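Quick notes on the structure that follows.
In this text the structure is predicted, and so the values were computed from the model without any measurement. Each residue takes its place number in the sequence, starting with 1.
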Amino acid sequence: MEINLISDTITKPTPEMVSYMLKARVGDDVYKQDGSTNELELAVSELFGMEAALFFPSGTMANQVALKLHTQPADQIICDQSSHIYLFESGGAAFHSGLSCALIDGDRGRISLEDIQKVYTDPTNIHLPQTSLVVLENTTNKGGGACYEIEEIVKIAEFCRSKSIKLHLDGARLWNALVAKSQHPSQYGALFDTISVCFSKGLGAPIGSVLLGSKADIQKATRLRKLYGGGMRQTGYLAAAALFALKNNVSRLQRDHFRAKQLEMLLRKKDYVSEVLPVQTNIVIFKLIKPAYNQLFLDKLKQKNIAISEMGQGWLRMVTHLDYREVMHEYVMETISNMDI
């Protein structure tokens, strides 16, 4: 039995999802003739209460298009220093849009209104880059799946509107936050100018993200997607997988969160573990008392056919997901319970 806790991106479509994919209504999506893709975009836009949506092959492309939508070269965007758009999108903000980033050392990837106000630049000062966009990430990847409080986002959104700054949400794992906080997508749709959501992580689809926004923004995003090489043809097979995931795999995220919480509680009891970040969703990030123990810990897990990931600076990570079944969870819990270093 191979157990992969490296990421929630490693899931494979279930037989039920594959069956649903084979029934997709396909056409040429560049000409907006793909029935299943049109259905997905409409369903997600209605769920969030936003005007329009656009299907993308990846969350990175969706995010990069959003940055391009809201900025001009030499503008400044505000984000956390550990955010995905800054660390893990290959420098796209600089390459595609010519942006500078005002980086905030937030709370596990979450930035506050006070943080934003400190780095916001006065647009009348010609010596400074003009702040044009704030980007939040929910849940936070490097922050161990931490969730924003909606009240803080409301304050940030009000500030952005008062300063004519756009607000984008990298919602790659927003579904996890919605379930963990018992929130509705429309609460986010009312606050952000654009939102990207992913279907290939906790929801278990093989590929795909959606960018949400106004009709005008999505019309412009369609051109930018084509420019970035993201214009696709019979996307319905992929969109159908996302539709299946949306209809069947959201509420079950609670199970992933529960198992991650159990792993957190177990790790806290081990004398060779020095720190575990508080678990809110499906990501468990922890550190051993000595960095030298990391490889020994990883090797012992590997001997038991369990794979986890290193995050750098001594941190290790486990991510629960759709393919991580109860029998696997019991095996991992037992393995760690009996493991000494």
Side-chain angles (χ1 to χ4, degrees), residues 5-9 58-60 62-64 66-67 77-89 92-93 101-116 119 133-157 160 167-183 185 187-188 191-192 194-203 209 253-254 256-257 260-261 263-264 267 275-287 308-321:
L5 294 174
I6 290 174
S7 177
D8 48 7
T9 60
S58 72
T60 292
N63 282 335
Q64 290 301 314
L67 299 188
I77 62 173
I78 298 173
C79 61
D80 186 82
Q81 64 181 5
S82 67
S83 63
H84 195 277
I85 63 156
Y86 177 70
L87 283 183
F88 300 125
E89 298 187 5
C101 297
L103 301 177
I104 292 171
D105 183 9
D107 173 23
R108 295 174 56 203
R110 297 166 297 190
I111 61 178
S112 68
L113 172 59
E114 289 71 25
D115 294 328
I116 293 167
V119 297
L133 176 66
V134 172
V135 181
L136 308 183
E137 182 180 322
N138 197 25
T139 69
T140 62
N141 179 13
K142 289 276 283 187
C147 307
Y148 273 88
E149 297 297 334
I150 197 73
E151 294 79 10
E152 187 63 36
I153 299 177
V154 169
K155 290 192 292 184
I156 292 170
C160 287
L167 184 61
H168 172 66
L169 175 64
D170 176 0
R173 292 184 174 89
L174 181 59
W175 307 111
N176 294 87
L178 292 169
V179 169
K181 291 290 187 179
S182 299
Q183 296 165 343
Q187 293 177 267
Y188 286 83
L191 297 173
F192 288 89
T194 49
I195 299 173
S196 65
V197 292
C198 182
F199 297 95
S200 64
K201 294 183 174 68
L203 298 193
S209 291
L253 292 173
Q254 292 177 338
D256 295 342
H257 299 173
K261 192 69 179 179
L263 288 168
E264 174 201 8
L267 287 166
E275 186 178 358
V276 187
L277 296 186
V279 168
Q280 287 186 285
T281 52
N282 67 322
I283 300 176
V284 185
I285 293 181
F286 60 101
K287 186 178 285 189
I308 69 171
S309 60
E310 292 187 87
M311 296 287 286
Q313 298 180 321
W315 292 102
L316 301 172
R317 186 180 81 162
M318 300 179 182
V319 185
T320 57
H321 50 76

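Here the side chain of Gln81 pairs no donor or acceptor atom with the backbone of Gly106 at under 3.5 angstrom. Formation of a donor-acceptor pair under 3.5 Å by the Thr281 side chain with backbone atoms of Gly145 is found in this model. Within the 3.5 Å criterion, the main-chain N or O of Ile111 finds a donor-acceptor partner in the side chain of Tyr148. Looking at Thr140, its side chain does come within 3.5 Å of a backbone N or O of Arg108 through a donor-acceptor pair.
No option in Leu133, Ile116, Val134, Leu191 other than Val134 meets the side chain to side chain contact (heavy atoms under 4.5 Å, CB included) test with Cys160.
Using a 4.5 Å heavy-atom cutoff, the side chains of Ser112 and Asp107 are not in contact. For the pair Ile104 and Cys79, the minimum side-chain heavy-atom distance is 4.5 Å or more. Side-chain atoms of Arg317 and Ile308, non-hydrogen and from C-beta on, never get closer than 4.5 Å to each other. Here the side chains of Glu310 and Leu316 are in contact, with some heavy-atom distance below 4.5 Å.
Across Ala260 and Ile283, no two heavy atoms sit closer than the pair CB-N, 4.4 Å. Contact detail for Cys101 and Tyr86: the closest heavy-atom pair is SG-CD1, 4.0 Å. Between Pro278 and Glu264, the shortest heavy-atom distance links the atoms CA-OE2, 3.6 Å. Scanning both residues, Ile85 and Glu89, for their nearest heavy atoms gives CA-CD, 3.6 Å. For the pair Ile6 and Val319, the tightest heavy-atom approach, listed with the atom from each and the gap, is O-CG2, 3.8 Å. Shown here for Ala93 and Leu67, the closest heavy-atom pair between the two residues is CB-CD1, 3.8 Å.
A distance of 8.0 Å separates CZ of Arg173 from NE2 of His84, quoted to the nearest 0.5 Å. Here His168 contributes atom NE2 and Glu137 contributes atom CD; the two are 9.5 Å apart, rounded to the nearest 0.5 Å. For the atom pair CG (Leu174) and CD1 (Ile195), the distance works out to 6.5 Å, reported to the nearest 0.5 Å. Rounding to the nearest 0.5 Å places CG of Leu253 at 10.0 Å from CH2 of Trp175. Rounding to the nearest 0.5 Å places CG of Leu167 at 8.0 Å from CD1 of Ile153. Put simply, CD on Gln280 and SG on Cys147 are 4.5 Å apart, with the number rounded to the nearest 0.5 Å.
Asn63 and Thr60 share no side-chain donor-acceptor pair at under 3.5 Å. Under the 3.5 Å distance criterion, with hydrogens and angles disregarded, no donor-acceptor pair is assigned to the side chains of Asn282 and His321.
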Stepwise salt bridge (Lys or Arg N to Asp or Glu O under 4.0 Å) check, Lys142 with Asp80
CA-CA 10 Å; Lys142 289 276 283 187; Asp80 186 82; over 6 Å; no
If you apply the rule side chain to side chain contact (heavy atoms under 4.5 Å, CB included), what do you find for Ile78 with Asp115, and how did you get there?
CA-CA 9 Å; Ile78 298 173; Asp115 294 328; over 6 Å; no
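Counting non-hydrogen atoms of neighbouring residues, nucleotides and ligands closer than 6.0 angstrom, the CD atom of Gln313 reaches no more than 12 such neighbours.
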